[in-house]
> 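Structure in structure tokens, see below.
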Amino acid sequence: MPELPEVEVTRRSIDLPLRGAQVQAVRLGKPLRWPLGRDPQALVGLRLGAVQRRGKYLWLPLQGAPELPEQGLLIHLGMSGSLRLLAPAEPARAHEHFRLDTDRGSLRLTDPRRFGAVVWSAARDQDPAARLLGGLGFEPFDPALDDESFHAALRLRRAPIKTVLLGGQVIVGAGNIYACEALFHAGIDPRCSAARLGRARAARLLQALRQTLGQAMALGGSTLRDFRDAHGVNGAFQQQAAVYGREGQPCTACGKPLRRIVQAQRSTYFCPRCQRR
DNA sequence: CGGGACGCCTGTGAGC
DNA sequence: TGCTCACAGGCGTCCC
């Protein structure tokens, strides 16, 4: 369900309510992608620090244990996960597989497909967190990311630009929907080798990624069909995708039927006229 | 090493 | 109505 905008909207919706909250109980449901890696009981009494995001991962610092001052939980929502902040008395929802009860509310992870994960780590820069975060590329809104460095990183990749965007080793945050949308807005054929993008087109792509992700964030992650933040609040309105899921329908810019192809086992939607190699 | 396929799961919608 | 199949917002791991 979540790409960067949804994860960031989720982060913002739990950060202030949970900052400083004290853990009262931790409950696990069915196994997620990886085991928690820690006795849940060991987390009771700790306090939550400011929630951080790296790519599509959330990092929840757990403070108050002198011997483990940097420990925390790394959370990934996978394909179908979402976080909600509920009253502790609220009954478990369907597919609720992780629950963190605090004195300021109960954080619930529901994830039907269970591709998501909640992993304990002694520190963000120690394994397993470090291993999972280690290979990630630029944050799209990192001020240090400029056209030059983006272009330079793309030039090292011979794979199709769509695949490179999804890979997350150059830039994080765009999943299948936003990658398709950004490539459309940048006028770039998704099959085009990343290495063959010139400076100007790389710059256009970076701008399109920021525009697409930024707008989705401003609207509360509303591009996704049924996304809600941790309070259950929906986006301001349903942003219509220009190409994603619109195979055969007319391009909003030129009217030509949009195409669907498969790249690295994922659907890619694009306009064969507006997007050039 | 880069690049692609696989597999982890459950739900949903289309087609018969 | 009920079955089967394709497909779904991700990504670590394995193999070439």
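Below, read A as the first sequence line, B as the second, and so on, with proteins coming before strands; counting in each chain starts at 1. As the structure is a computational prediction, the values presented were derived from the model and not from experiment.
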> Kindly give the cluster partners of Leu132(A), where membership spreads through any ILVMFWY side chain lying under 4.5 Å from a current member.
Trp34(A), Tyr57(A), Trp59(A), Leu74(A), Val119(A), Leu133(A), Leu136(A), Val172(A)

> Atom CG of Leu32(A) to atom C1' of dT10(B): distance rounded to whole Å?
13 Å

> Taking only N and O in the side chain of Ser267(A), is any of them less than 4.0 Å away from OP1 or OP2 of dA8(C)?
yes

> Tell me the closest heavy-atom pair linking Ser106(A) and Pro88(A), and the distance in Å.
CB-CA, 3.8 Å

> Pick the P atom in dG11(B) and in dG12(C), then give their distance to the nearest Å.
24 Å

> Please list all pairs passing the salt bridge (Lys or Arg N to Asp or Glu O under 4.0 Å) test where one or both residues lie in residues 52-79 of chain A, with sequence neighbours left out.
Glu8(A)-Arg53(A), Arg53(A)-Glu139(A), Arg54(A)-Glu139(A)

> Produce a footprint string for nucleotides 1-6 of chain B: one letter per nucleotide, 5' end first; B if the base is under 4.0 Å from any protein heavy atom, S if only the sugar-phosphate is, - if neither.
-SSSBB

> Any residue in residues 113-132 of chain A with a heavy atom nearer than 4.0 angstrom to DNA chain B? Just list them by number, or reply none.
Arg113(A), Arg114(A), Phe115(A)

> Is the number of heavy atoms from other residues, nucleotides or ligands under 6.0 Å of Gln22(A) CD greater than 12?
yes

> Rounding to an integer number of angstrom, what distance separates dC14(C) and dC9(B) when you compare their P atoms?
16 Å

> For Phe270(A), which fellow cluster members are found when Ile, Leu, Val, Met, Phe, Trp and Tyr are connected by side-chain heavy-atom distances below 4.5 angstrom, either directly or through intermediates?
Ile261(A)

> I need the full list of salt bridge (Lys or Arg N to Asp or Glu O under 4.0 Å) pairs touching residues 189-209 of chain A, with sequence neighbours left out, sorted by first then second residue.
Glu148(A)-Arg199(A), Asp189(A)-Arg191(A)

> Rounded to the nearest Å, what distance is computed from the CG atom of residue Asp111(A) to the P atom of nucleotide dC11(C)?
12 Å

> Think Lys56(A) has a side-chain N or O under 4.0 angstrom from the OP1 or OP2 of dC11(C)?
yes

> Would Leu77(A) and Glu3(A) count as a side chain to side chain contact (heavy atoms under 4.5 Å, CB included) here? Give the steps.
CA-CA 9 Å; Leu77(A) 300 178; Glu3(A) 302 184 30; over 6 Å; no

> Taking side chain to side chain contact (heavy atoms under 4.5 Å, CB included) as the definition, give me every residue that meets it alongside Gln249(A), ordered by chain and number, with sequence neighbours left out.
Arg246(A)

> Rounded to whole Å, how long is the line connecting atom CG of Leu77(A) with atom P of dT10(B)?
18 Å

> dC11(C) C1' sits how many Å from Ile75(A) CD1, rounded?
17 Å

> Distance check: side-chain N/O of His95(A) vs OP1/OP2 of dG11(B), anything under 4.0 Å?
yes

> May I have all residue pairs that pass salt bridge (Lys or Arg N to Asp or Glu O under 4.0 Å) and include part of residues 18-32 of chain A, sequence neighbours excluded?
Asp15(A)-Arg19(A)

> It should be established whether Arg266(A) places a side-chain nitrogen or oxygen under 4.0 Å from OP1 or OP2 of nucleotide dG10(C).
yes

> Residues in side-chain hydrogen bond (donor to acceptor under 3.5 Å, both in side chains) with Thr110(A), at least two apart?
Ser82(A)

> Starting at NE2 of His76(A) and ending at C1' of dG10(C), how long is that distance when rounded to a whole Å?
6 Å

> Can you tell me if the side-chain N/O atoms of Tyr57(A) get under 4.0 Å from OP1 or OP2 in dG12(C)?
yes

> Mind calculating the distance between OH (Tyr178(A)) and P (dG10(C)) to the nearest angstrom?
10 Å

> Which residue pairs pass the side chain to side chain donor-acceptor pair (under 3.5 Å) test when at least one of the two sits in residues 86-97 of chain A, sequence neighbours left out?
Glu96(A)-Arg108(A)

> With rounding to the closest Å, how many angstrom separate the P atoms on dC7(C) and dA5(B)?
15 Å

> Anything under 3.5 Å between a donor and an acceptor, one on a side chain of residues 152-159 of chain A, the other on a protein residue two or more places apart or in another chain? List them.
residue   : atom : partner   : partner atom : Å
Arg157(A) : NH1  : Gln169(A) : OE1          : 3.3

> Rounded to whole angstrom units, what separation is found between the CG atom of Leu133(A) and the P atom of dG10(C)?
17 Å

> Quickly work out the Leu4(A) CG to dC11(C) P distance and round it to whole Å.
10 Å

> With pairs taken as Watson-Crick or G-U wobble and both distances under 3.5 angstrom, which stems of at least three consecutive pairs involve DNA chain C?
B:2-8 with C:10-16, B:10-16 with C:2-8

